[in-house]
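Atoms within each ligand, like the ligands themselves, are counted from 1 in listed order.
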Amino acid sequence: MTRITFACATALLLLTVAMLQPSPVQTAAQSQRPAGTVHNGKAFRFNKVRDGVYHAVGTGALAVVGNSSVIVNDTDVIVVDDHVSPAAAWVLLDEIKSLTDKPVRTVINTHFHFDHAHGNQIFEKNVDIIGHEFTRDMLLKGNPLQMPLYKNYLEGLPRQIDDLRKRVAAEADAGRKANLQMQLEAAENNRASQAELRPTPPNVTLRTQMTLYRGDREIQVRFLGRAHTAGDVVVYLPKEKAVITGDFLTAALSNMSDAFVNEWPTTLDELKKLDFEVVLPGHGEAFTDKAKIDYFQAYLRDVWTQVSRFKQQGVSAEDAAKQADLTKHKDHFPGIQGPGVPLIAVTRIYELLDRGVAR
Ligand SMILES: [Zn+2]
């Protein structure tokens, strides 16, 4: 190779390398594509709730599980919750580009659960990840990985994949087969992404309240009391009269695996004191019917009373889970199909009663 040819080849190589580098506006996090991001079509619907405020709900093309919310400000973007995996968070960032080219500079975790905070690791160090002190504590210790809630989820994935494979093979209808195939690919990608998981705690914490100001928008992050976990925060936009609630208040029933079931209704009373018109929940569609709070409080009080009574009577948690009857709430919560409540809820209530509730 002559010296000139060599120089040209080197220049070409450098140019190629330069072209492969992310453009300056891209963050390094976005360039490091995690495993399991491949999907067909859009992974998210961005439902516009207010100007610059979107509720991001998964389409099913990718496993995302919880919802996130996206707040587009004058010069930056705030994301509330980042889904079930690094892959889901990465795709969220990618699809946010269809809304705005402003950078995501702040993430808020409503709580530490896997389906809301397992995307944290993809963000650059200069991105503020805000959460309650308790949320940081849990993610720092890696506790979420030991929780039955997550372990059951993770252990269920191979079974889900096997089952979907069989159903894809057996399905004759082309439309249904394609749909099952999509579910199978989403589950396989999710498993690949979970393998790369590193629980990443918030790097900014609060105990009761903090407020962010972006242009003329005010964003309040508030801890209203223990409820779904010991560290749920809501994100309240007073001017927009909108509140982002995570699993503290969803469109249906939230799980109670580590909830303070007896304190939850009182904490919901604190939520009622805020002046809002629309709720962006961690699961289900955004809603405006504030009576849902009353229905949920009534359900929680009923579960607590019934299960406490069973415990007093010496009934096992397993039997209490079968016998508790919440069917009178089914008009408001169609998920209730008959007597019985999830064992994970009863186990939690028994645990709270055993330790004298308050701790
Ligand atoms: Zn949760």
Side-chain angles (χ1 to χ4, degrees), residues 55-58 63-69 79-85 88-89 92 107-120 129-154 156-157 190 194 197 199-202 221-235 243-265 267-268 271 279-287 292-293 296-297 299-300 303 333 335 341-349 351-352:
H55 193 219
V57 180
V64 305
V65 189
N67 300 326
S68 59
S69 296
V79 167
V80 183
D81 285 346
D82 52 28
H83 304 285
V84 74
S85 65
L92 175 72
V107 175
I108 303 170
N109 292 150
T110 58
H111 63 299
F112 73 91
H113 281 166
F114 68 96
D115 48 336
H116 299 265
H118 276 187
N120 282 359
I129 302 181
I130 300 173
H132 191 271
E133 285 177 350
F134 176 79
T135 299
R136 176 175 163 86
D137 208 35
M138 294 303 280
L139 286 164
L140 198 60
K141 291 179 188 155
N143 285 359
L145 304 186
Q146 305 311 321
M147 284 182 62
L149 192 66
Y150 181 64
K151 281 172 110 173
N152 292 346
Y153 179 74
L154 201 61
L157 281 179
N190 189 19
Q194 297 302 331
L197 189 72
T200 302
V221 186
R222 284 169 170 249
F223 172 70
L224 300 172
R226 300 195 295 190
H228 174 64
T229 70
D232 307 284
V233 296
V234 300
V235 178
V243 66
I244 301 161
T245 52
D247 291 356
F248 169 45
L249 177 66
T250 72
L253 297 171
S254 299
N255 81 71
M256 298 182 200
S257 73
D258 49 340
F260 292 82
V261 184
N262 55 322
E263 296 176 37
W264 200 335
T267 310
L268 284 163
L271 178 69
V279 175
L280 288 72
H283 298 273
E285 299 293 327
F287 61 87
K292 274 182 188 287
I293 306 175
F296 188 43
Q297 285 176 309
Y299 172 87
L300 288 167
V303 172
F333 300 105
V341 291
L343 178 59
I344 205 163
V346 176
T347 308
R348 174 61 177 175
I349 293 171
E351 182 197 338
L352 287 169

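Listed for the Thr267 side chain is a donor-acceptor partner under 3.5 Å among the backbone atoms of Arg226. At least one donor-acceptor pair under 3.5 Å links the side chain of Asp81 to the backbone N or O of Thr110.
Judged by a 6.0 Å distance limit and a 45° cone about the ring axis, Arg348 is positioned over the six-membered ring of Phe260.
Restricting His113 to its N/O/S atoms, the shortest distance to the Zn ion (ligand 1) is reached by ND1. The atom name of the N/O/S atom in His111 closest to the Zn ion (ligand 1) is NE2. Within Asp247, the N/O/S atom positioned nearest the Zn ion (ligand 1) carries the name OD2.
When the options Asp258, Asp247, Thr229 are evaluated for a side chain to side chain donor-acceptor pair (under 3.5 Å) with His113, the one that passes is Asp258.
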